[in-house]
Amino acid sequence: MNTPAHLIVAAAAFARPSERWRDVERRVTAAALFGAILPDLSLYLMFAWARLVQGRSPQQIFDIDYFSESWQAVFAVDNSIPLWTLALVVGVALRGPVLIAFAVSGLLHLVTDFLLHNDDARRHLWPFSDWVFVSPVSYWDPQHYGHIAGAAEGLLCLGLLALLWRRFRGVAARGVILLAGLLQLAPALAFALLFAG
């Protein structure tokens with residue numbers, strides 16, 4: 001899934017309106033969103049460094065750097081299902097809704113990535129194994145049903161955004177929901193611009 005889709009799923013799972021936006025609700029929502037983005041954050045940071053500081057082309061980054069052992073070692077840590085499960089166990093043991101929301105959102109991210117990454121799959125069982133599940137389905141690659149998976153992701157996000165729209169009535173909240181919808185479209189536009197010409 002695209003990163004905005006992970007954020008939309010986390011918001012649908014954890015963001016709730018209330019009469020009075022309490023501190024715990026804000027922290028749970030923020031933790032859920034952070035958990036949803038954290039498995040992809042290293043990719044964004046390393047991409048920015050390689051592109052802006054090292055001057056590497058997007059093709060070099062996604063064809064070479066992405067698959068390098070150094071990049072994959074970072075992805076193994078922030079995409080580790082055992083580490084995220086440990087965070088969930090600790091959250092449940094402490095009865096901490098913030099840590100639970102963070103861990104569940106991260107695990108939702110990893111489960112969908114596990115099922116929707118083909119040749120760009122990651123080592124989700126680190127540190128116990130370096131095994132990589134190469135899914136027959138890719139969320140983006142048309143050679144591996146990416147056109148179908150992408151359409152399904154779009155429909156899922158549209159449905160979840162509609163749910164969030166009904167759940168939240170405030171102007172600011174609905175502005176954020178619209179922004180989330182635009183961000184869901186952004187990766188397709190970004191890839192088209194990055195790889196144009």
* To do: Report the C-alpha separation of Leu163 and Arg166 in whole Å, then their side-chain angles, then the decisive distance to 0.1 Å, and conclude whether the side-chain contact (heavy atoms from CB on, under 4.5 Å) test is met.
  => CA-CA 5 Å; Leu163 172 76; Arg166 288 180 53 100; 5.8 Å; no
* Working for ring-ring contact (aromatic ring centres under 6.0 Å, His included), residues Phe47 and Tyr66 -> CA-CA 9 Å; Phe47 174 86; Tyr66 181 93; over 10 Å; no
* Quick one: do Trp165 and Leu161 satisfy side-chain contact (heavy atoms from CB on, under 4.5 Å)? Show the steps, please. => CA-CA 6 Å; Trp165 188 267; Leu161 288 168; over 6 Å; no
* **Tyr139/His117 under ring-ring contact (aromatic ring centres under 6.0 Å, His included): CA gap, chis, key distance, verdict** => CA-CA 7 Å; Tyr139 77 97; His117 278 258; 5.1 Å; yes
* Hey, mind stepping through Ser42 and Phe75 against side-chain contact (heavy atoms from CB on, under 4.5 Å) and telling me if it holds? -> CA-CA 7 Å; Ser42 63; Phe75 299 152; 3.6 Å; yes
* Assess whether side-chain contact (heavy atoms from CB on, under 4.5 Å) is satisfied between His109 and Leu38, documenting all intermediate values. => CA-CA 9 Å; His109 182 134; Leu38 189 58; over 6 Å; no
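Side-chain atoms of Val9 and Met1, non-hydrogen and from C-beta on, do get closer than 4.5 Å to each other. Within the 4.5 Å cutoff, the side chain of Arg51 has heavy atoms near those of the Pro58 side chain. Under the 4.5 Å side-chain criterion, counting only non-hydrogen atoms from C-beta, Thr85 is in contact with Leu107. The closest side-chain heavy-atom distance from Phe128 to Pro82 is below 4.5 Å. Side-chain contact check for Pro136 versus Asn118: every heavy-atom pair is 4.5 Å or farther apart.
Each of Val89 and Leu94 belongs to its own hydrophobic cluster when Ile, Leu, Val, Met, Phe, Trp and Tyr are linked at side-chain heavy-atom distances under 4.5 angstrom. Under the 4.5 Å side-chain heavy-atom criterion for ILVMFWY residues, a single connected hydrophobic cluster contains both Phe67 and Val74. The hydrophobic cluster containing Leu33 also contains Val24, counting ILVMFWY residues as joined when their side-chain heavy atoms lie under 4.5 angstrom apart, directly or transitively. Follow the hydrophobic side-chain contacts under 4.5 Å out from Val28 and you never reach Val176; the two are in separate clusters. Criterion: ILVMFWY side-chain heavy atoms under 4.5 Å apart, direct or through other members. Under it, Val92 and Val90 are part of a common hydrophobic cluster.
Qualifying salt bridge (charged side-chain N to carboxylate O under 4.0 Å, His left out) partners for Arg167, counting only residues two or more places apart in sequence or in other chains: none.
A donor and an acceptor atom, one from each side chain of Asp119 and His144, are nowhere located under 3.5 Å apart. With hydrogens and angles left out, the side-chain atoms of His6 and Asp113 include a donor and acceptor closer than 3.5 Å. Asp40 and Thr3 are linked by a side-chain donor-acceptor pair at a separation below 3.5 angstrom, with hydrogens and angles left out of the test. No hydrogens or angles considered: nothing links the side chains of Trp126 and Asn79 as a donor-acceptor pair under 3.5 Å.
Between Gln72 atom CD and Asp120 atom CG the span is 9.0 Å, to the nearest 0.5 Å. To the nearest 0.5 Å, the span separating CG on Leu156 from CD on Gln184 amounts to 9.0 Å. If you take CG on Leu7 and SG on Cys157, they are separated by 9.5 Å, rounding to the nearest 0.5 Å. For the atom pair Glu153 CD and Leu160 CG, the distance stands at 11.0 Å (nearest 0.5 Å). For the atom pair Ile8 CD1 and Leu183 CG, the distance stands at 8.0 Å (nearest 0.5 Å). With rounding to the nearest 0.5 angstrom, the CG atom of Leu116 is 13.0 Å from the CH2 atom of Trp140.
Put simply, the side chain of Arg16 never gets that close to the backbone of Glu25: no donor and acceptor are under 3.5 Å apart. With hydrogens and angles ignored, the 3.5 Å screen pairs a side-chain donor or acceptor of Ser105 with a backbone N or O of Ala101. A distance-only check finds no donor-acceptor pair linking the side chain of Asn2 to the backbone of Pro4 [under 3.5 Å]. Remark: side-chain polar atoms of Thr112 are paired, donor with acceptor, to backbone N or O of Leu108 under 3.5 angstrom.
Checked for salt-bridge contact, Arg56 and Asp65 meet the test: a charged N lies under 4.0 Å from a carboxylate O.
When all heavy atoms of Ala15 and Thr29 are compared, the closest pair comes out as CA-OG1, 3.7 Å.
Counting non-hydrogen atoms of other residues, nucleotides and ligands closer than 6.0 Å to CZ of Phe114 gives a total above 12. Within a 6.0 Å radius of CD in Gln54, more than 12 heavy atoms belonging to other residues, nucleotides or ligands are found.
The aromatic ring centroids of Phe102 and Trp84 lie less than 6.0 Å from each other.
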